[in-house]
There are 2 protein chains.
Amino acid sequence: MPPSDTETARARLLDASEELFYSRGIQTVGMDDIRSAAGLPLKRVYALYPTKSRLVEAYLERRDIRWRARIAEAVSSEPDPRERVLALFDRLGDWFREPGFRGCAWINGFGELGAVSEPMVRQARAHKQAFADYVAGLVADAGLPDSLAPQLVLLAEGAMVSAAIFGTDAPARQARDAAAALVASAAGADSRPRGFRSPGGGDTVGHEHR
Amino acid sequence: MPPSDTETARARLLDASEELFYSRGIQTVGMDDIRSAAGLPLKRVYALYPTKSRLVEAYLERRDIRWRARIAEAVSSEPDPRERVLALFDRLGDWFREPGFRGCAWINGFGELGAVSEPMVRQARAHKQAFADYVAGLVADAGLPDSLAPQLVLLAEGAMVSAAIFGTDAPARQARDAAAALVASAAGADSRPRGFRSPGGGDTVGHEHR
DNA sequence: CTCGGTCGAGAACGAGCGTTCTCCGATAGC
DNA sequence: GCTATCGGAGAACGCTCGTTCTCGACCGAG
């Protein structure tokens, strides 16, 4: 199965869309900007996605998959489950330092269109829910209490927002430090050192997210 | 000094602007929507603010003052300085439950216009910096270590974002719990019980925020 | 060679919006 | 009472943008 012409066109279109939508916002970017960046005739663009909204949807869907995969890949290279929880924040720091970083595409998209576009709200919720589920898996795998997961998520979301607005990566470190304190405190609250939790209290490995 | 006609007009204009800009976003709202909501002739609107950008600026400036005042007022009613730190998150919860809550106006505005409007970036930074300074004051007044403040800020920002996207107030409680754990952990790290810190370590009252 | 169909390039259309302009009625001064 | 000024209501202008339409070049089939 060769990369049929329409599939490479689709890829070029989504590449251009992501580049433009992420860096300049959704409403600011016109279909003509995308057409010229993708080097595709407008007809072709509309043949692939019948409206701008559908194109935005496709952009966010592809970015969601890639973004979560990149996070998970970097985090999973850390062998110790409890260190993995903190590695998440290191990975966020890497992301913040990337040139062109401009915050979370879903937080930004929600701010831009959340009030007027139900699909945008759904996408933002789906992405954030998937992220929260992923963090919950990390927390469970580390044998930490469930209640820790949403707290770590708040730190991560806050770090994304602050890093974007101030244009600095410092929030990653701050969030990591806070997370470490919460992890230590939660682990201590068990009043049992690591590795001595009773096995019936909940599975600690092999969490599938969602 | 009677409320000169132009001042009541300005108030009505800013009221309408805030209502519309906050609930529907900035780009989505047209000057005509504002004009009709304010019940003012367009000429009058442009006499008060020569461009839409200036009107947006004025809207954010007034909201900034009010928002921070409301937070500070609610928080300051808590007598104990360490409890005040946590009361901040209770106050956020009240805000999240207000009808029409749609997240932080500056986070949303940054998501919408941060890429294309330098004034919007400046306003977002100024507001977030002022909030961070305020939290730093609370932390200092409670005799807690400086490094705690940005961590609490991240929790607050994350809570605002999550509450907005999911339309629930749960993040306030989660953030409060996390903040309590961080406060306890930070206070414990002093390895001194409350009230026994050496008086030379830093002023603990009367912090001016800036 | 000719014809039919496909596809690319860009013009065109219709709506929305920020901003300005026109007109008209009311009012104050003489 | 008459005129000059002001302010209100909304039309108009110029531009952008999402979407559609037109036209002409290319290409395989007969």
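Computed from a prediction, not measured in an experiment: that's the story for all the values here. Lettering follows sequence order; numbering is per chain, from 1.
- Within a heavy-atom distance below 4.0 Å of DNA chain C, the residues of residues 39-52 of chain A found are A:P41, A:K43, A:R44.
- Rounded to a whole Å, the CG atom of B:D32 is 13 Å from the C1' atom of C:dT20.
- Using a 4.0 Å cut-off between a side-chain N of Lys or Arg and a carboxylate O of Asp or Glu, B:R68 and B:D64 qualify as a salt bridge.
- For residues 158-176 of chain A, every residue pair satisfying the side-chain hydrogen bond (donor to acceptor under 3.5 Å, both in side chains) rule, not counting sequence neighbours, is listed here: A:D90-A:R176, A:R97-A:D169.
- In this structure, A:Q27 places its CD atom 13 Å from C1' of D:dG18, rounding to the nearest Å.
- One can place CG of B:L55 at 15 Å from C1' of C:dC17, the figure rounded to the nearest angstrom.
- At least one donor-acceptor pair closer than 3.5 Å links the side chain of B:Y22 to the backbone N or O of B:R102.
- Regarding B:R35, its CZ atom lies at a distance of 15 Å from the P atom of D:dA12, rounded to whole Å.
- Between A:E73 and A:R91 there is no salt bridge, since no side-chain nitrogen of the basic residue lies less than 4.0 Å from a carboxylate oxygen of the acidic one.
- When atom types are taken as modelled, the side chain of A:D33 and the backbone of A:G30 share a donor-acceptor pair closer than 3.5 angstrom.
- Partners of B:R62 under the salt bridge (Lys or Arg N to Asp or Glu O under 4.0 Å) rule, at least two apart in sequence or in another chain, are B:D15, B:E18.
- One interatomic measurement links the two molecules: CE of B:M31 to C1' of D:dG10, which rounds to 15 Å at whole-angstrom precision.
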